[in-house]
Each structure stands twice: as structure tokens, then as C-alpha cells.
> 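One structure, pasted below without further comment.
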Amino acid sequence: QVQLVESGGGLVQAGGSLRLSCAASGGTFRSYRMGWFRQAPGKEREFVASSRWIGGNIIYADSVKGRFTISRDNAKNTVYLQMNSLKPEDTAVYYCAARPNEQYRWGYWGQGTQVTVSS
């Protein structure tokens, strides 16, 4: 059974940086696409970034392009989201997600980690 566990959230001032981690287990992740989503209070969950575990094909939401970077460590089975130049509007619960490369549905989700950006 695939399990995803996020960590690294917290409180940061506007303009600062934060690095989120997603520890993955139970899957053949070399054939998976990994992604990050976020949900702010009162809003729908939105896509942030995604990448194949192997092969790239990296996609970013326009709202984070140039500021956020998705990456992974194969040896640690961990996906990262490096967030720079943070803005108050980045405040949300951030979720790690996964799906097989050949599927469109994001079937696996982590529990989420809170990111709060103060002005």
C-alpha cells in the first residue's frame, strides 16, 4: 500500500523560503508521477507542481513558476518542494500526491502539512 507523509511546513515571513518533504513508501515509485497540491481556507484544492519520479516532464502552476522547485531523492524515496520568495497568498495546507505514469487520476495522497506565510 502506497503511503505518503509530508513534513516541513511551518510559519515563515513573506519573502522567505521553506522546503517541504514527502516520504514515500509501498510503491514502485520509479514508474510514478509525483505531485504537490495545496488548499487554502475556503478554497478548492489546486495543483502546484508535478514530476515523473524518473524522466522529469515537470509542470508548475503559473502562480508558483519561478519560485517553487519540485525534486526528489531516489535513495531516500523522498520528494521535495522548495519554496522561495513566499507570499501570504501561498498560505495553505500542502499535500503530496502520486499516481502511476500511465494513469491520470491522483490516487494516493498524504495527510498534508500547513504552510503559513506572514506579512
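The basis for the numbers below is simple: all heavy atoms, side chains too, and nothing from hydrogens, waters or symmetry mates. In this chain, numbering begins with 1 at the start of the sequence shown.
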> Nearest 0.5 Å, please: how far is OG in Ser118 from CG in Leu86?
10.0 Å
> Please tell me if the side chains of Val93 and Thr113 come closer than 4.5 Å, counting only heavy atoms from C-beta onward.
no
> Is any NZ, NE, NH1 or NH2 atom of the basic residue among Asp62 and Lys65 found under 4.0 Å from an Asp or Glu carboxylate oxygen of the other?
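Lys65 and Asp62: salt-bridged.
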> Sequence neighbours excluded, which residues qualify as ring pair (Phe, Tyr, Trp, His ring centres under 6.0 Å) partners of Phe37?
Phe47, Trp106, Trp109
> For Ala92 versus Ala40, what's the shortest heavy-atom pair and its separation?
CB-N, 3.8 Å
> Any non-hydrogen side-chain atom of Val48 less than 4.5 Å from a side-chain atom of Leu81?
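Yes. Closest side-chain heavy atoms under 4.5 Å.
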> Between atom OG1 of Thr116 and atom CG of Asp90, what is the distance when rounded to the nearest 0.5 Å?
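Atom-to-atom, Thr116:OG1 and Asp90:CG are 11.0 Å apart.
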> Mark yes or no for whether Gln111, through its side chain, and Glu6, through its backbone, hold a donor-acceptor pair below 3.5 Å.
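Yes, because the side chain of Gln111 sits within donor-acceptor range (under 3.5 Å) of the backbone of Glu6.
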> With heavy-atom distances below 4.5 Å as the criterion, would you say the side chains of Met34 and Thr78 are in contact?
no
> What distance separates Cys96 SG from Trp36 CH2, expressed to the nearest 0.5 Å?
5.0 Å
> Tell me, which pairs form a side chain to side chain donor-acceptor pair (under 3.5 Å) where one or both residues lie in residues 92-104, sequence neighbours left out?
Arg38-Tyr94
> Do Ile54 and Phe29 sit in the same hydrophobic cluster, where Ile, Leu, Val, Met, Phe, Trp and Tyr count as joined when their side-chain heavy atoms come under 4.5 Å apart?
yes
> Less than 4.5 Å apart, side chain to side chain, heavy atoms only: is that true for Gln114 and Thr91?
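Yes, at least one pair of side-chain atoms sits under 4.5 Å.
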> Considering all heavy atoms of both residues, which atom of Val2 and which atom of Tyr32 are nearest to each other, and what is their separation?
CG2-OH, 3.9 Å
> For the residue pair Ser51 and Ile58, what are the closest heavy atoms and their distance?
OG-CG1, 3.5 Å
> Which value, rounded to the nearest 0.5 Å, describes the distance between Trp53 atom CH2 and Asn74 atom CG?
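With rounding to 0.5 Å, CH2 (Trp53) is 6.5 Å from CG (Asn74).
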> Begin with the C-alpha distance, continue with both residues' side-chain angles, and end with the deciding distance and a verdict on side-chain contact (heavy atoms from CB on, under 4.5 Å) for Thr69 and Tyr60.
CA-CA 8 Å; Thr69 303; Tyr60 294 102; 3.7 Å; yes
> Do we see a donor-acceptor contact under 3.5 Å between the side chains of Arg67 and Ser85?
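No.
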> Check whether more than 12 heavy atoms from other residues, nucleotides or ligands sit under 6.0 Å from atom CD of Gln3, and answer yes or no.
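Result for CD/Gln3: open.
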> Check ring pair (Phe, Tyr, Trp, His ring centres under 6.0 Å) between Tyr80 and all other residues, then give those that pass, not counting sequence neighbours.
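Per chain and number, Tyr80 pairs via ring pair (Phe, Tyr, Trp, His ring centres under 6.0 Å) with no residue.
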> In terms of heavy-atom contacts, does CZ of Arg19 have more than 12 from other residues, nucleotides or ligands at under 6.0 Å?
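Counting neighbours around CZ of Arg19, more than 12 heavy atoms of other residues, nucleotides or ligands fall under 6.0 Å, so yes.
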> As an exercise, state the distance from CZ of Phe68 to CG of Asn84, rounded to the nearest 0.5 Å.
8.5 Å
> Could you give the distance from OG (Ser119) to NZ (Lys87), rounded to the nearest 0.5 Å?
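The OG atom of Ser119 sits 14.0 Å away from the NZ atom of Lys87.
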> Has Ser21 got a side-chain atom pairing as donor or acceptor with Ser7's backbone, closer than 3.5 angstrom?
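Not a single qualifying donor-acceptor pair exists.
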